[in-house]
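The block underneath contains the structure these notes are about, expressed in structure tokens.
Chain identifiers are assigned alphabetically (A, B, ...) following the order of the sequence lines, protein sequences preceding nucleic acid strands; residue numbering begins at 1 within each chain.
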2 protein chains.
Amino acid sequence: MARAAGVSIKTVSNVVNDYPYVRASTRERVLQAIADLDYHPNLSARGLRSGKTGVIGLAIPELRQNYFAELADSIIRAAGEYDLDVLIDQTGPTRRGEMAVLSGTRLRRTDGIIFSPERLGPEDIPLLRVAFPLVLLGERIFGGPTDHITMHNVESARAGTEHLIGIGRRRIAVIGADPHSTDATGSASLRLRGYRAALAAAGLPYDPALIRPAAPWHRENGAAAMRRLLEERPDFDAAFTLNDTLGLGALRALGEAGVHVPDDVAVLGFDNIDEDRFSVPSLSSVEPGREQIAKVAVDVMVARIKEKGDVQPPRQFLADYRIVARESTGFREPSLPSDAIGPLRE
Amino acid sequence: MARAAGVSIKTVSNVVNDYPYVRASTRERVLQAIADLDYHPNLSARGLRSGKTGVIGLAIPELRQNYFAELADSIIRAAGEYDLDVLIDQTGPTRRGEMAVLSGTRLRRTDGIIFSPERLGPEDIPLLRVAFPLVLLGERIFGGPTDHITMHNVESARAGTEHLIGIGRRRIAVIGADPHSTDATGSASLRLRGYRAALAAAGLPYDPALIRPAAPWHRENGAAAMRRLLEERPDFDAAFTLNDTLGLGALRALGEAGVHVPDDVAVLGFDNIDEDRFSVPSLSSVEPGREQIAKVAVDVMVARIKEKGDVQPPRQFLADYRIVARESTGFREPSLPSDAIGPLRE
DNA sequence: GTGAAAGCGCTAACAG
DNA sequence: CTGTTAGCGCTTTCAC
């Protein structure tokens with residue numbers, strides 16, 4: 001310990017913690033000793049004393065889904081701004097895995113958890129009353145007791161559908177939603193609602209036979225759904241796949257079937273993952289504001305961690321979205337520069 | 001604290017730590033109290049006392065490179081078997097970022113670091129003498145003082161090249177290596193060496209003009225390198241891209257140019273990422289044994305963390321590889337089931 | 001401005 | 001088998 005070594009005693013702590021009332025010369029001396037001895041404060045001890053770990057948890061379904069890898073990347077960068085480390089928990093594709101996050105048995109060494117659930121729904125709101133700061137991502141659970149960062153699912157899906165209508169498509173299939181689902185809050189339902197709104201506004205009929213479930217939203221399921229669609233009802237001229245991996249799988253199936261994209265069938269995805277720009281053809285997509293979401297999630301988390309006794313009411317944020325038109329809907333370049341990211345609306 | 005609550009005193013610690021000499025009835029009582037009170041040991045306190053954090057660090061260039069996301073996924077799963085959490089540090093594309101890992105200033109709350117460097121080389125061996133358990137992934141640094149899990153870069157690249165030769169290709173381009181590089185230990189150099197060995201064994205000439213650098217190994221750089229190749233020397237019938245993202249970029253460029261894969265040009269990648277199965281055409285690849293690598297890396301790390309005074313000499317492991325033939329080299333199905341993963345050779 | 005002392009919750013060493 | 005005691009290294013009063 002630098003105490004004896006330097007010269008002074010636990011003024012070290014003051015210096016390390018930027019306590020202002022330390023004489024400049026003393027501070028200087030301590031800093032020098034710290035450097036000389038290559039001293040590093042013991043973080044476990046600090047954690048024990050302060051009750052904080054300096055780590056936030058990120059609970060996502062799976063890192064190998066590109067969207068979540070990109071989200072994790074963004075969250076880690078955002079957390080780094082606050083000198084926070086990020087512990088990643090993969091909940092897997094089950095409700096059980098997601099409930100485990102809320103039980104507090106996982107991700108114990110964290111000051112709070114940023115959680116992107118895929119299975120939990122409004123019926124799980126009681127579970128959200130947890131003893132640690134919890135920031136929810138996505139839109140499965142509205143009106144809960146936690147902070148919540150969400151996307152414009154309905155509006156952006158509507159805009160996406162309008163993009164397809166705008167290039168002359170009239171029979172637009174949807175892959176990734178169950179037309180008979182009773183779930184009203186999942187991303188699938190919300191995006192489907194946006195789709196229907198666009199159809200209605202354009203005076204186009206809604207045909208449930210064009211709506212195809214595919215879960216989880218993996219490439220293989222997008223490919224499988226598209227194959228079935230092609231077999232059963234080849235009379236569609238566009239597909240709105242509710243995420244990009246579904247869309248990439250669908251492109252694959254269309255390619256195998258010799259269907260030309262976008263001439264025969266246009267395809268629009270959702271998430272705007274890196275890969276979209278390099279598929280053949282490149283995949284048009286809805287950019288949901290991932291960078292913003294990550295940044296705001298971390299900001300909100302930090303505020304909650306700092307919070308003393310006076311607990312603020314839960315807040316909700318909505319990220320900006322935009323449509324990125326590429327070859328799969330007949331364009332060559334993104335319609336907007338990819339760094340067009342503004343502040344988040346509350 | 002459950003002490004007062006239950007009935008007994010710090011027998012709790014014994015119970016929690018599975019100390020064997022506790023009467024069954026006592027243990028039972030304590031366990032009950034723990035459950036009743038929803039007691040959780042304070043991990044910071046335990047960490048302070050034991051000197052361990054229960055967390056391992058994973059330092060990789062970037063999570064949004066699919067290979068590293070999949071690697072992180074595998075490492076997190078493997079670490080979960082030991083109840084270890086994983087903290088991810090993204091070093092970025094710079095030497096500086098990688099050196100920061102070794103300086104010990106990052107990833108401080110961990111018991112050890114699994115590190116996959118991309119920039120460091122043999123000249124950095126002195127830096128590897130660090131005060132914490134360090135397990136190296138990849139092959140940039142041989143003969144260092146740390147445990148090291150590596151791939152059969154030379155052999156697998158040779159086998160991959162032989163695969164291309166086996167389907168009748170004679171002028172095989174390489175994307176991702178600099179023919180004039182003096183680096184002898186990077187993945188690129190090693191894989192290039194395997195390529196040359198295969199050429200030599202088949203009596204084929206080596207043409208440096210077919211070897212194209214592309215760094216970092218991102219899709220856009222694979223696409224750019226392929227475009228240049230097509231402009232400058234269209235007389236090649238195959239491309240061995242030194243990772244899959246380069247390969248996917250190359251497929252994209254070939255598609256744009258109207259070159260048919262595999263009839264005109266066959267393409268082989270490296271890493272066997274999930275995406276390979278869904279590109280159009282699907283991408284043949286070298287499977288480098290990622291699952292094995294992750295599992296062994298964690299096993300070795302755990303052994304190092306447990307190690308007392310008697311330090312074992314550093315160990316080196318080699319993962320198994322295999323060629324997965326898909327459409328880009330004229331096949332339809334993987335040549336081997338993807339779960340054919342054996343034990344790791346030392 | 002700086003020093004002394006207490007204690008965060010746990011584990012380990014030692015008695016009993 | 002179980003209780004007592006002493007720190008792990010830090011932050012935080014509270015004196016001086």
Side-chain angles (χ1 to χ4, degrees), chain A residues 1-34 36-55 83-85 104-105 108-111 131-132 305-306 308-309, chain B residues 1-55 83-85 104-105 108-111 131-132 305-309:
Chain A
M1 183 44 186
R3 303 170 194 208
V7 199
S8 43
I9 322 233
K10 308 202 179 172
T11 313
V12 175
S13 180
N14 289 335
V15 172
V16 171
N17 292 288
D18 292 323
Y19 181 70
Y21 302 115
V22 178
R23 198 184 296 152
S25 64
T26 312
R27 158 165 289 137
E28 198 50 53
R29 207 147 24 98
V30 173
L31 255 21
Q32 187 57 51
I34 287 178
D36 290 348
L37 295 163
D38 192 32
Y39 162 79
H40 293 290
N42 176 314
L43 300 183
S44 289
R46 176 178 291 173
L48 173 58
R49 186 65 236 226
S50 67
K52 305 251 176 298
T53 62
V55 180
D83 267 316
L84 288 169
D85 286 327
T105 50
R108 301 250 319 279
R109 319 161 195 279
T110 60
D111 295 332
F132 49 85
I305 291 172
K306 280 210 196 111
K308 296 283 183 187
Chain B
M1 183 44 188
R3 301 168 196 210
V7 200
S8 43
I9 322 233
K10 307 202 182 175
T11 313
V12 175
S13 180
N14 289 334
V15 173
V16 171
N17 293 288
D18 292 324
Y19 181 69
Y21 303 115
V22 179
R23 199 185 294 153
S25 64
T26 312
R27 157 164 290 135
E28 197 51 51
R29 208 147 22 99
V30 173
L31 254 21
Q32 187 57 48
I34 287 178
D36 290 350
L37 295 163
D38 193 32
Y39 162 78
H40 292 291
N42 177 314
L43 299 183
S44 289
R46 176 178 292 174
L48 173 56
R49 186 62 237 226
S50 66
K52 306 250 175 298
T53 62
V55 180
D83 268 317
L84 288 170
D85 287 326
T105 49
R108 299 251 320 280
R109 319 162 196 277
T110 61
D111 296 332
F132 50 84
I305 291 173
K306 280 210 195 110
E307 205 166 53
K308 295 285 182 185

Here the distance between atom P of C/dG9 and atom CZ of A/R108, to the nearest Å, is 14 Å
To the nearest angstrom, the NZ-C1' distance between B/K52 and C/dC10 comes to 15 Å
Phosphate OP1/OP2 of C/dT2: any A/T26 side-chain N/O under 4.0 Å: yes
Rounding to 0.5 Å, atoms CG (B/L43) and NZ (B/K52) come to a distance of 15.0 Å
Residue set satisfying side chain to side chain donor-acceptor pair (under 3.5 Å) with A/E28, at least two apart, ordered chain then number -> none
| request: May I ask you to verify if any side-chain N or O of A/S50 is less than 4.0 angstrom from the OP1 or OP2 atom of D/dC10? | output: no
* Asked: Less than 3.5 Å between a donor and an acceptor, one on the side chain of B/R49 and one on the base of D/dG7, is that the case here?
  -> yes
Sorted by chain and number, sequence neighbours left out, side chain to side chain donor-acceptor pair (under 3.5 Å) with B/R109 holds for A/D85
When rounded to whole Å, the CZ to C1' distance for the pair A/R109 and C/dG9 reads 15 Å
Distance col, row A/R108:CZ vs B/N42:CG, nearest 0.5 angstrom, shows 8.5 Å
The side chain to side chain contact (heavy atoms under 4.5 Å, CB included) partners of A/R49 (sequence neighbours excluded) come to none
Residue set satisfying side chain to side chain donor-acceptor pair (under 3.5 Å) with B/T105, at least two apart, ordered chain then number -> B/S103
When rounded to whole Å, the CG to P distance for the pair A/L48 and C/dA6 reads 17 Å
Between CG of B/N14 and P of D/dT4 the distance, given in whole Å, is 14 Å
Closest to the 5' end of DNA chain D, once B/R27 and A/L43 are matched to their nearest nucleotides, is B/R27
Between CG of A/N42 and C1' of D/dT11 the distance, given in whole Å, is 13 Å
Here the distance between atom P of D/dC10 and atom NE2 of A/H40, to the nearest Å, is 12 Å
Note to self: Any side-chain N or O of B/T11 below 4.0 angstrom from OP1/OP2 of D/dG3?
What the structure shows: yes
Atom CZ of A/R46 and atom P of C/dC10 are separated, to the nearest Å, by 21 Å
Taking only side-chain N and O atoms of B/S13, does any of them lie within less than 4.0 angstrom of OP1 or OP2 on C/dT11? yes
Rounded to 10°, the helix from C/dG1-D/dC16 to C/dG16-D/dC1 deviates from straight, judged by its five-pair end axes, by 30°
Sorted by chain and number, sequence neighbours left out, side chain to side chain donor-acceptor pair (under 3.5 Å) with A/D111 holds for A/T53
Notebook entry, point to check: Hey, is the side chain of B/R23 poking within less than 4.0 Å of OP1 or OP2 on D/dC1, counting only N and O atoms?
Noted result: no
